[in-house]
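All remarks here apply to the structure that follows.
Throughout, a chain's letter reflects where its sequence line sits, starting with A, and its residues are numbered from 1. Atom set for the values below is all heavy atoms of this structure, side chains included, hydrogens, waters and symmetry mates excluded.
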Protein chains: 2
Amino acid sequence: MKADSTAPADPACAEALPSAARGGPVSHAVSRIARLHRIAAGRLLKGLGLYPGQELLMMHLWDGGAVRQSELIKAVDLDPSTVTKMLQRLDQAGHVSRRPDPDDRRAVLVEATEDSCGLHASVRSAWSSLEEHTLAGLDPAERAELARLLAKVEANLCQETDGCPGAG
Amino acid sequence: MKADSTAPADPACAEALPSAARGGPVSHAVSRIARLHRIAAGRLLKGLGLYPGQELLMMHLWDGGAVRQSELIKAVDLDPSTVTKMLQRLDQAGHVSRRPDPDDRRAVLVEATEDSCGLHASVRSAWSSLEEHTLAGLDPAERAELARLLAKVEANLCQETDGCPGAG
DNA sequence: GAAATTTACATGGTCGGCCAACTAAATCAC
DNA sequence: GTGATTTAGTTGGCCGACCATGTAAATTTC
């Protein structure tokens, strides 16, 4: 008494597909993949004391040494308030240090702590693992094609959305 | 001491790429696309009084009529607590109605309100628009290929992650 | 039929993420 | 130099989403 009168005229192929998937299959896939990808990242990062999202910030900090917070915001392309709160937590966790910029008294210089540098290799390893997990079963040509198509999609979504750094 | 000794041996091609993109280009793209896609969805849904994520719940409700909350949770594959809170807000906003299931006194029957049905067409239109925005500039073959590759990625990410409905 | 287990939701807390509004400092305009 | 504007960050509020925990009802077990 679950699927007797609920299936009007569609064959069996439609009963498992939510209308979201029919009306926008790629959008639907993006939503689901985003969540699964984030969960997978979270599992890998959990042992490192990081939450998903923080690793991107840290990677930028490990890349560039001490940077202005505004530079960091542009680099990760997030809302300033998001970065502020993430940095507050990363600061409290001992992963980053923040000090006022002597050259500009409203700016803040952010730097990865010495302690956090020990995480660098682990995070890179976790990301490699995540990448491999994500792309398992895809041959190099498929991976390249996926990367190419995702780049186009990203460019599309950047369009009309102000504040896209690499949307040239 | 910012960018003199920090650049060891890389040519100019590396200075614009964060290490996250080098260590996991697809993962990096997925993160960024997820965020941009969500923002794009949010803009389209804002005028409809919905927040991104809620539309998927509503679409399932519009699809199936009154459903048990547990069925809804399985359908959207989210954490039960997430669904509970979303439904509380959707209820308060007048988009859904919740009543106890007479056959199972711990279960809750959820249904889209009559009022919300007016949104159905708008949401479908918004999703079509989002899909087209996402896939602009991709020919049908590319779209199919992208959908195929994303399905493989989704299956990969579902693996080892319990609670994947369509991970057959 | 009583006890243990599973199922169905709800609650509280935490994070990432957004927007809106605010403060302080630097810069531009005059 | 004084005032307007931009820039830099912070705060508060909200939502999606997670986990861990708790409670009530149904189900299984004995």
Is there side-chain contact between A/Lys74 and A/Glu71, with heavy atoms separated by less than 4.5 Å? yes
First encountered from the 5' end of DNA chain D, between A/Gln69 and B/Pro102: A/Gln69
Using 0.5 Å steps for rounding, measure from the CG atom of B/Leu146 to the CG atom of A/Leu146. 7.0 Å
Could you run down nucleotides 2-7 of chain D 5' to 3' and tag each one B, S or - for protein heavy-atom contact under 4.0 Å? -----B
First and last nucleotide of DNA chain C in contact with chain B, 5' to 3', at under 4.0 Å to a heavy atom: what are they? C/dT7 to C/dC18
Quick one: pull up CG in A/Leu56 and CG in A/Leu61 and give me the separation to the nearest 0.5 Å. 11.0 Å
Return the set of residues passing salt bridge (charged side-chain N to carboxylate O under 4.0 Å, His left out) with B/Asp104 (not counting sequence neighbours), or none when no residue passes. B/Arg106
Flag yes if more than 12 heavy atoms outside B/Arg124 fall under 6.0 Å of its CZ atom; otherwise flag no. no
State, with a plain yes or no, whether a side-chain heavy atom of B/Arg143 is found less than 4.5 Å away from one of A/Val26. no
NA contact type, A/Thr84, heavy-atom cut-off 4.0 Å: base, sugar-phosphate, or nothing? base
Using a 4.0 Å heavy-atom cut-off to protein, can you give one letter per nucleotide of nucleotides 15-20 of chain D, 5' to 3': B if the base is in contact, S if only the sugar-phosphate is, - if neither? SSBBB-
For B/Arg148, the salt bridge (charged side-chain N to carboxylate O under 4.0 Å, His left out) test, sequence neighbours excluded, returns A/Glu142, B/Glu145
How many angstroms lie between CD in B/Glu154 and OG1 in A/Thr134, if you round to the nearest 0.5 Å? 12.0 Å
Of B/Arg105 and A/Asp104, the one whose closest DNA chain D nucleotide lies more 5': A/Asp104
Will you find, in the side chains of B/Asp79 and B/Ser81, an N or O donor that is under 3.5 Å from an N or O acceptor? yes
Please, which pairs that meet ring-ring contact (aromatic ring centres under 6.0 Å, His included) have at least one residue in residues 77-124 of chain A, sequence neighbours excluded? A/Trp62-A/His120
